[in-house]
Amino acid sequence: MPDKTLDELRIYWKTHRHNKLVFPGKGQGSDTPMDKGGIQKVMKAVLKHCTIAKNISQHSLRHCFATHLLEQGLDLRSLQLLLGHSSLNTTARYTQLTQIKQHDTKRLINQLTDNVMRIWEDL
């Protein structure tokens, strides 16, 4: 968990303390975790507050988070463990070739071929 997220959760815990759950359900279900509908409702409220008109879900955030980690160089196996996927095939869906990755791929291929060309020129 990122340090900043942990810090925010600690602040949240001070004001919303529950004896068992970090994110409890409301009303009669207060001893049960917040359900999917509650999470979606919070997500819509945040999007409205931020004046974001796009249809974004919590899954969209998870996908963006995973893609950004890959773009920063996190290996696929580490991402698999972080996301809790049992199959590497599931995690591999996040490996779409973004513009950042295209640039990195081109740079790495050029580095490799530049070294090969130097060796060839020296023979």
request  = Check for a donor-acceptor pair, side chain of Q80 on one end and backbone N or O of H85 on the other, with a separation under 3.5 Å.
outcome  = yes
task = Step through the shown structure and confirm whether more than 12 heavy atoms of other residues, nucleotides or ligands are within 6.0 Å of CG on D7.
result = yes
message = Tell me the closest heavy-atom pair linking L47 and I56, and the distance in Å.
response = CD1-O, 3.5 Å
request  = Can you measure from CD (E8) to CG (D3) and round to the nearest 0.5 angstrom?
outcome  = 12.0 Å
query = Is it the case that one hydrophobic cluster holds both I11 and L6, taking links as side-chain heavy atoms less than 4.5 Å apart, direct or via other members?
reply = no
inquiry  = Donor-acceptor pair, distance only, cut-off 3.5 Å: does the side chain of S78 make one with the backbone of L74?
reply    = no
task = Step through the shown structure and confirm whether more than 12 heavy atoms of other residues, nucleotides or ligands are within 6.0 Å of CG on N19.
result = yes
task = Could you pull out the closest heavy-atom pair between Q58 and Q40, with the gap in Å?
result = NE2-CG, 3.7 Å
query = Tell me, do L82 and L69 make a side-chain contact under 4.5 Å, heavy atoms counted?
reply = yes
remark   = Minimal heavy-atom distance between L9 and F23, with the atoms involved, is CD2-CZ, 3.7 Å
task = Of all the heavy-atom pairs spanning H18 and D31, show the shortest one and how long it is.
result = NE2-OD1, 3.7 Å
remark   = Rounded to the nearest 0.5 angstrom, the CD1-NZ distance for I52 and K44 is 14.5 Å
message = Is it the case that the side chain of R10 and the backbone of T5 share a donor-acceptor pair, with hydrogens and angles ignored and the cut-off at 3.5 Å?
response = no
key: L61 side chain near M43 side chain, heavy-atom distance below 4.5 Å   = yes
ask   = M34 and V22: same hydrophobic cluster, using ILVMFWY side-chain contacts below 4.5 Å?
value = yes
Value rounded to 0.5 Å, distance of CG in L81 from CG in L76 = 10.0 Å
